[in-house]
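Everything below concerns the one structure shown next.
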Amino acid sequence: MDALPVIDISDPDAAAPGIEAACRESGFFYVAGHGVPAALTDRLDAAARTFFDLPAPAKTEIAMARGGRAWRGFFPVGAELTSGVPDRKEGLYFGTELGPDAPAVRAGLPLHGANLFPAQVPDLRPVVLEYLSRMTAVAQTVLRGIALSLGLPAGYFAESYTADPTVLFRIFHYPPSAPDSDEWGVGEHTDYGLLTLLLQDGNGGLQVRTPGGWLDAPPIPGTFVCNIGDMLDRMTGGWYRSTPHRVRNLSGNERLSFPFFFDPDFSRPVPPLPATLHEGARRWDGQDLRAFTGTYGEYLVAKVGKVFPELFAETRHQEAPRIG
Ligand code: OGA
Ligand code: NI
């Protein structure tokens with residue numbers, strides 16, 4: 001394999017065989033035929049660039065520390081760790097927009113709440129909320145294809161794990177790295193949930209670990225890079241793999257990327273799927289994902305605590321934020 005496949009998802013039935021092959025081989029593929037207009041992704045890119053160009057004090061007005069347990073807002077270069085090492089990127093964390101009266105917010109669930117939007121970039125709020133809504137539909141469509149590819153009814157996920165999905169969205173800015181740099185924009189890792197749908201600008205830098213070695217996942221206009229996360233690996237007993245990937249921006253330009261994470265219901269356990277599936281190979285980091293028996297939320301909060309240790313310690317000692 002020397003390039004990741006491009007799969008048209010406009011007909012999930014027709015897409016299922018290609019999805020199965022991709023999820024078995026590398027866990028990565030490009031999604032075409034998704035119907036998200038270029039005008040929307042262009043607007044998102046423009047608003048994000050305007051934000052990252054702001055002076056540091058303006059960006060800090062929406063620092064993550066202000067987002068409390070909801071884990072929303074801005075973090076500067078070096079604040080996020082992958083495998084204990086600081087990443088060379090800054091970013092914005094978003095998720096499903098929930099007001100103070102939402103049951104999950106009242107209950108003080110971590111990672112749930114209101115987004116922090118910058119006053120200086122008024123278009124970011126409407127464009128992010130519109131993007132979340134469009135991408136939720138795309139993710140449910142991809143999951144229809146994945147369900148069919150596993151011999152399950154098309155609506156299997158939408159009726160169970162993702163009837164009330166956990167939706168997280170990030171915008172990352174990777175400053176250019178020197179050609180001889182050994183720093184990673186984001187170090188090698190797997191994603192935590194079901195699916196990630198990544199919009200990337202034209203600069204490239206994403207690499208995927210395949211059995212044949214590291215493979216570039218260069219930008220293809222009009223597509224998203226889709227990869228499966230730890231929960232789908234777990235549900236399928238390793239038949240579909242959540243594959244390590246990493247980013248180094250050697251383009252010389254300011255790289256932006258927009259990962260959308262579509263994950264199971266926060267409050268549900270994530271048992272194996274009913275279909276009889278083949279035993280997978282040993283996972284890259286030796287972890288046995290089936291050994292874990294909590295809810296998806298418990299898995300996610302433990303993972304997030306590793307990438308933002310300081311903020312995590314603070315959050316644990318904090319009361320649920322009183323908003324408004
Ligand atoms: C991630 C990720 C890739 C990118 O956020 O999990 O792998 O290009 N991002 O930003
Ligand atoms: Ni990732």
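Given the structure is predicted, the values throughout are model-derived calculations rather than measurements. Whatever order the structure lists them in is the order used to number ligands and atoms, beginning at 1.
- The minimum distance between the Ni ion (ligand 2) and any N, O or S atom of Asp191 involves atom OD1.
- Ring-centre distance between Phe94 and Phe117: below the 6.0 Å cut-off.
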Between ligand 1 and the protein, find all N/O pairs closer than 3.5 Å and give the distance for each.
| from | atom 1 | to | atom 2 | distance (Å) |
| --- | --- | --- | --- | --- |
| ligand 1 | 6 (O) | His189 | NE2 | 3.0 |
| ligand 1 | 6 (O) | Asp191 | OD1 | 3.0 |
| ligand 1 | 7 (O) | His189 | NE2 | 3.0 |
| ligand 1 | 7 (O) | His245 | NE2 | 2.9 |
| ligand 1 | 8 (O) | Arg255 | NH1 | 2.9 |
| ligand 1 | 8 (O) | Arg255 | NH2 | 3.0 |
| ligand 1 | 10 (O) | Tyr174 | OH | 2.6 |
| ligand 1 | 10 (O) | Ser257 | OG | 2.6 |

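- For Arg72, the CZ atom is densely surrounded, since the number of other residues' heavy atoms within 6.0 Å is greater than 12.
- A salt bridge links Glu90 with Lys59: the distance from a Lys NZ or Arg NE/NH1/NH2 to an Asp or Glu carboxylate oxygen falls below 4.0 Å.
- Remark: Phe224 pairs with His34 by the ring-ring contact (aromatic ring centres under 6.0 Å, His included) rule, at least two apart or across chains.
- Ring centroids of Phe74 and Phe51 are separated by less than 6.0 Å, placing the two rings close together.
- Taking the six-membered ring for Trp, Phe261 and Tyr192 have ring centres at least 6.0 Å apart.
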